[in-house]
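Just below is one structure, and these are the notes that go with it.
All residue numbers refer to positions in the sequence shown, counting from 1.
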Amino acid sequence: MSYGKMNTFIEIISTIPIKDSDGFSTTGDNILASVRAYKEDRHGSEKWTNMTAFSSATSSFRFRIIPGLEVTTDMTVTCADGRYQILSVEDVRGRGMYVEVLAEHLEPTVG
């Protein structure tokens, strides 16, 4: 994976409880890392057919492993296209160099 293909800027976010001045708790975003990634949206290729046979993933992100940060399914990814919930995390080829994240696009709710 070269830097030329990693042209999408993403942020890896965890949600944390935040208390306001009245003592009520709400959820807020904690940005853990901002990195460049290769983003691939779901399409009808054989690779996507095999990867998402039992998944609702809409996008795949590949980026370099971030020292000291373990990416988990409790986190979300944001980019210019919106917010994505992480469904699975995998070390690419087991070499410890790149991480591949399958994620589902989160649609905002109107309420």
To the nearest 0.5 Å, how far apart are [atom1] in [X] and [atom2] in [Y]?
X: H105; Y: D81; atom1: NE2; atom2: CG; answer: 6.5 Å
X: I65; Y: E70; atom1: CD1; atom2: CD; answer: 10.5 Å
X: D74; Y: I13; atom1: CG; atom2: CD1; answer: 14.0 Å
X: R62; Y: E90; atom1: CZ; atom2: CD; answer: 8.5 Å

- prompt: So I86 and F61, side chain to side chain contact (heavy atoms under 4.5 Å, CB included) or not? Walk me through it.
  reply: CA-CA 10 Å; I86 297 176; F61 295 92; over 6 Å; no
- prompt: Going through the checks in order, is the side chain to side chain contact (heavy atoms under 4.5 Å, CB included) test met by V77 and K39?
  reply: CA-CA 11 Å; V77 172; K39 179 179 182 260; over 6 Å; no
task: Please step through side chain to side chain contact (heavy atoms under 4.5 Å, CB included) for the pair Y84 and I10, ending with a clear verdict.
output: CA-CA 10 Å; Y84 295 85; I10 66 168; over 6 Å; no
message: If hydrophobic clusters are built from ILVMFWY residues whose side chains come within less than 4.5 Å, do V89 and I12 share one?
response: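 Per the 4.5 Å side-chain linkage, V89 and I12 are co-clustered.
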message: Hydrophobic clusters here meaning ILVMFWY residues chained together by side-chain heavy-atom distances under 4.5 Å, can you tell me if V99 and M97 are in one?
response: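 No.
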Strictly distance-based, threshold 3.5 Å: is any side-chain N or O of [X] a donor or acceptor partner for the main-chain N or O of [Y]?
X: D20; Y: D22; answer: yes
X: Q85; Y: T73; answer: yes
X: N30; Y: S14; answer: no

Any idea which heavy atoms bring [X] and [Y] closest together, and the distance?
X: D91; Y: Y98; answer: OD1-O, 3.1 Å
X: R36; Y: F9; answer: CG-CE2, 3.4 Å
X: I18; Y: G28; answer: CD1-CA, 3.6 Å
X: S60; Y: E100; answer: OG-OE2, 3.1 Å

query: Do D29 and R83 come within less than 4.5 Å of each other through their side chains, counting heavy atoms only?
result: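 Touching, per the 4.5 Å side-chain cut-off.
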task: Start with the C-alpha gap between L32 and I66, add the side-chain angles, then the distance that decides, and say whether side chain to side chain contact (heavy atoms under 4.5 Å, CB included) holds.
output: CA-CA 10 Å; L32 302 173; I66 303 161; over 6 Å; no
